[in-house]
Each structure stands twice: as C-alpha cells, then as structure tokens.
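For reference, the structure is listed below as structure tokens.
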2 protein chains.
Amino acid sequence: MSTSTKERICTAMAELMRTQGYGATTVKQVSELAKAPMGSLYHHFPQGKQQIAAEALRAAGAAYIQLLPLLMDPHDDLREAVSAAFADAAEQMEQAGWINMCPVVTVAGEIADSEPALRTVAAEILDSWIVQGTEYFVHRGLAAGQARRFTLTFLSALEGAFILSRTLRSTEPLRAAGAAVAFQLVNSTV
Amino acid sequence: MSTSTKERICTAMAELMRTQGYGATTVKQVSELAKAPMGSLYHHFPQGKQQIAAEALRAAGAAYIQLLPLLMDPHDDLREAVSAAFADAAEQMEQAGWINMCPVVTVAGEIADSEPALRTVAAEILDSWIVQGTEYFVHRGLAAGQARRFTLTFLSALEGAFILSRTLRSTEPLRAAGAAVAFQLVNSTV
DNA sequence: GTCTATATGCTGATAGAC
DNA sequence: GTCTATCAGCATATAGAC
C-alpha cells in the first residue's frame with residue numbers, strides 16, 4: 001500500500017471541500033471516499049471534522065502554490081507568463097466541468113465568521129502564498145515592495161475570477177482578469 | 001407595520017448568509033431573527049430554505065450593485081473613483097469587524113456544485129452586475145468592449161480581495177487590488 | 001396568515017469487539 | 001489500528017388548531 005489511511009482521509013476531505021465546500025461535506029462522505037471506516041477517522045483525527053479539514057487545507061494549500069512556478073517558469077517574459085497562468089487555469093476549469101481546483105479560498109469565504117479555528121488556518125495558508133509569491137516575483141525581477149503588491153493583486157484577481165467563471169460557466173472573467181494583471185507589469189523591466 | 005413578514009424573512013436570510021454562508025445558516029435562525037414562526041416561513045416560501053435563499057440573494061444582489069454609482073459618482077476622475085470604491089470597501093469591512101458586505105459571491109462559491117438551482121440564481125445576479133457595471137463605465141467614458149472587460153476585472157479583483165482581506169483581517173489586499181484596477185485606466189481618456 | 005408541536009432523517013461523534 | 005453498531009442532538013419540513 002502506497003498511501004496511508006491518514007493521507008487518504010486528507011485527500012478525500014480536500015477533494016470533497018473543493019467541490020462542495022466545508023458545510024456540505026459530511027464525515028460519512030469522507031469515510032466512504034477514503035475507504036476508511038468512521039472509527040479510523042476519529043482515531044487519526046481525535047478532534048473530528050474540523051481537524052481533518054484543517055490538515056486537508058494545509059496540504060492542498062502547499063500543493064497549490066507550487067503551480068505558480070510550474071506554470072510560469074516556461075515563459076521568459078513575465079507578462080506572457082501571467083497571461084498563460086490565467087489562461088491555463090481557465091482551460092483546466094472548463095475541461096474539468098467548472099469544478100474548483102483548490103478548496104482553500106472557497107472554504108475561507110464560507111467559514112470566515114462561523115469557524116474561527118479554520119479561519120486561522122486559512123489565514124496562515126494565504127500568508128504563506130503571499131510570501132512565496134512575493135519571493136517568486138522578486139526572483140523574476142520585480143522590486144520587493146512591488147512584488148508583494150503584485151502578488152496580492154494576482155491572488156485577489158485570480159481567486160475572484162475563479163468564482164465568477166465557475167458560477168457563470170464562462171472563461172471570460174478569468175481571461176479578462178489575466179489580461180488586467182499582466183497589464184500591471186507594463187512599466188516593469190522584465 | 002412597515003415591513004411585511006415575507007420581507008423580514010428575506011432580510012434575515014440575507015443577513016445570516018452574509019456572515020455564515022448558506023450551509024451554516026439554519027431555518028430556525030432565520031425564523032428567530034425575522035421574528036416569524038416556522039409556519040410563516042413555509043407559508044410564504046413553500047419550497048423551503050432554497051427558495052428563501054434564492055429570493056434573499058436576488059434582493060441583496062440588486063441592492064449591492066447600486067453601491068457602484070453611489071460610491072463612484074462623487075469622483076470626477078474615474079481612476080480616483082475606483083481607488084475610492086476599494087478604499088471605502090476596505091474601511092467599511094474593517095469597521096464592521098471583517099464581516100462580509102454582501103452574501104452573493106460567498107454563497108456562489110460555496111454552492112456552485114452542490115445546489116444547482118441556487119447556482120443559476122447566483123449566475124443571473126452576476127450577469128446583471130456585469131451588464132449594469134458595463135453601462136455605468138460606458139457612461140463614465142469607456143468604450144463598450146473595454147467597459148465590459150474592465151467590469152469583469154473590477155468585480156473579480158474586488159470579490160477576490162474581499163475574501164483575502166476578510167480571512168487575513170487586513171485591508172492590504174483590498175488596497176493593492178484597488179490600485180491595480182485603477183491602474184488599468186492609465187491610458188484612458190477620462 | 002399565524003403559530004405550536006412534532007415527524008423523520010441525518011449529523012458528528014463514540015463505544016467497544018477484534 | 002480497524003471496523004460495526006449506535007448514540008444523542010439537530011436539521012428541514014409538516015400538520016393542524018386558531
């Protein structure tokens with residue numbers, strides 16, 4: 001067996017939150033998808049649903065930010081790279097049937113006022129995205145201050161456009177947002 | 001009595017979804033906040049929770065888009081107007097204790113794959129926002145095609161930044177996104 | 001139209017044999 | 001560590017008096 005029960009539970013939770021959110025996901029669904037009985041869930045995660053969600057979000061968040069260099073490194077021109085990243089996201093979302101790629105922001109919006117513990121976890125993940133994004137864009141030639149602002153804009157536009165595109169079933173918001181974020185770099189020396 | 005029972009139910013549902021999302025909001029909470037007994041809820045909304053949510057989202061969406069001219073008309077320069085709108089949003093969110101101003105996008109992200117009927121309602125609301133936003137920015141001097149793309153960018157960045165700011169408890173994402181969206185207009189004749 | 005009392009199913013969580 | 005059986009509580013929704 002290559003994957004542990006604990007890992008399968010985390011993956012299942014992330015997968016379900018990605019498409020259904022936190023509130024609509026039941027521990028029974030997690031149990032079934034992970035092929036792990038209820039008792040195993042509460043053996044590995046004594047604090048129950050919240051703890052499973054927290055660990056699943058951390059793992060998903062860490063994996064998701066790695067897409068940034070993966071999608072953008074192939075493009076020498078940073079403006080092209082930004083456009084390509086948004087275009088790739090749009091294409092993948094359409095091909096996947098308009099389901100979410102990552103549960104972090106969906107769940108963050110959903111639980112920001114009703115699940116304080118999970119809100120803190122989401123904030124930690126977003127913080128690490130901002131730090132890693134800033135580092136990447138500095139590496140790509142932006143000044144430190146500009147890189148942080150650009151990362152915040154990049155993430156805000158990407159996540160907002162994700163929700164719009166997903167709800168409208170259209171790539172138009174992601175394409176428009178990608179062009180706008182790339183345009184930010186018009187004055188930069190890249 | 002100035003407000004009908006039906007209106008109070010809608011308002012209560014919108015208020016609760018705004019801070020808790022759809023899944024975490026129970027009809028009992030709606031009943032209590034609206035000061036209407038369970039029977040009244042199901043008398044006015046025979047299809048139950050979903051129907052209350054649909055009507056509440058429609059009303060909230062219609063009210064929310066009216067903030068656009070309200071916040072931006074005072075500013076002659078469109079770039080200033082955009083910055084001001086994002087800054088106002090950030091300030092109001094911070095003063096309100098980081099709770100959401102509008103339930104539409106939060107709920108849209110939450111239910112996009114689990115509640116098809118509500119997803120359709122959310123899509124109709126977003127469509128109407130895009131149409132009305134485009135009209136407004138044409139009125140403010142943008143060309144028709146540019147105005148639609150700008151509206152999509154504006155809404156994506158605003159909503160994404162809302163979630164980031166709300167989760168991080170910081171105005172930084174909203175301020176960065178506002179500056180970026182305003183920068184879009186750098187070449188425009190306003 | 002309003003309101004109380006309640007039905008029915010499902011929720012997260014647990015107990016305890018193996 | 002794994003698994004089955006089950007708890008107690010709460011969810012949405014309804015019935016029926018007023």
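Chain letters run A, B, ... following the sequence lines, proteins first, then strands; residues in each count from 1.
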**Report entry** Residues which pass side chain to side chain donor-acceptor pair (under 3.5 Å) with A:Tyr42, listed by chain and number, not counting sequence neighbours
**Finding:** none
**Report entry** side chain to side chain donor-acceptor pair (under 3.5 Å) partners for B:Ser165, two or more places apart
**Finding:** none
Report summary line: note: A:Lys28, atom NZ; D:dC10, atom P; distance rounded to Å ~ 20 Å
Could you pull out all donor-acceptor pairs under 3.5 Å where a side-chain atom in residues 45-52 of chain B meets a protein atom, sequence neighbours excluded?
{"residue": "B:Lys49", "atom": "NZ", "partner": "B:Tyr22", "partner atom": "O", "Å": "3.1"}
{"residue": "B:Lys49", "atom": "NZ", "partner": "B:Thr25", "partner atom": "O", "Å": "2.8"}
{"residue": "B:Gln50", "atom": "NE2", "partner": "B:Glu115", "partner atom": "OE1", "Å": "2.6"}
{"residue": "B:Gln51", "atom": "OE1", "partner": "B:Gln47", "partner atom": "N", "Å": "2.8"}

Requested in this report: Would you check if the side chain of B:Ser31 reaches a backbone N or O of B:Val27 as a donor-acceptor pair within less than 3.5 Å?
Outcome: no
Report task. Examine D:dT2: is either OP1 or OP2 under 4.0 Å from a nitrogen or oxygen in the side chain of A:His44? Give yes or no. Result -> yes
**Report entry** A:Thr5 vs D:dG1: side-chain N/O to OP1/OP2 distance below 4.0 Å
**Finding:** no
**Report entry** Contact pattern, 5' to 3', of nucleotides 13-18 of chain C - B, S or - by protein heavy atom under 4.0 Å
**Finding:** BB----
Query raised in the report: Are any of the side-chain nitrogens in A:Glu124 or A:Arg58 under 4.0 Å away from the carboxylate oxygens of its partner?
Result: yes
Query raised in the report: Once you round it to whole Å, what is the distance between P of D:dG1 and CG of A:Leu41?
Result: 14 Å
Query raised in the report: What nucleic acid atoms does B:Ser31 come within less than 4.0 Å of, heavy atoms only: base, sugar-phosphate, or nothing?
Result: nothing
Query raised in the report: How many Å lie between NE2 on B:His43 and P on D:dT14, as a whole number?
Result: 15 Å
Requested in this report: Starting from C1' on C:dG1, measure out to CZ on B:Arg8 and report it in whole angstrom.
Outcome: 12 Å
Query raised in the report: For the side chain of B:Thr26, counting heavy atoms from C-beta on, which of D:dA11, C:dT2, C:dG12 is nearest?
Result: D:dA11
Report task. Output every pair passing ring pair (Phe, Tyr, Trp, His ring centres under 6.0 Å) with a member in residues 76-96 of chain B, not counting sequence neighbours, ordered by first then second residue. Result -> B:Phe86-B:Phe154
Query raised in the report: What is the distance, rounded to the nearest whole Å, between atom OH of B:Tyr22 and atom C1' of D:dA11?
Result: 12 Å
Query raised in the report: With B:Glu15, which residues qualify under side chain to side chain donor-acceptor pair (under 3.5 Å), at least two apart?
Result: B:Arg18
Query raised in the report: Within this structure, what is the NZ-to-P distance between A:Lys35 and D:dT2, rounded to whole angstrom?
Result: 16 Å
Requested in this report: Note the angle between the end axes of the helix from C:dG1-D:dC18 to C:dC18-D:dG1, five pairs defining each, rounded to 10 degrees.
Outcome: 0°
Query - Listed once per pair and sorted, the ring pair (Phe, Tyr, Trp, His ring centres under 6.0 Å) pairs that draw on residues 46-65 of chain A, sequence neighbours left out - result: A:Tyr64-A:Trp129
Show me the donor-acceptor pairs, under 3.5 Å and distance only, between side chains in residues 87-108 of chain B and residues at least two apart or in other chains.
{"residue": "B:Asn100", "atom": "ND2", "partner": "B:Cys102", "partner atom": "O", "Å": "3.3"}
{"residue": "B:Asn100", "atom": "ND2", "partner": "B:Thr106", "partner atom": "OG1", "Å": "2.3"}

Report task. Provide, to the nearest angstrom, the distance between the CZ atom belonging to B:Phe45 and the P atom belonging to C:dT2. Result -> 12 Å
Query raised in the report: In whole angstrom, what separates A:Glu32's CD from D:dT2's C1'?
Result: 17 Å
Requested in this report: Would you tell me if any nitrogen or oxygen in the side chain of B:Ser40 comes within less than 4.0 Å of OP1 or OP2 on C:dT2?
Outcome: yes
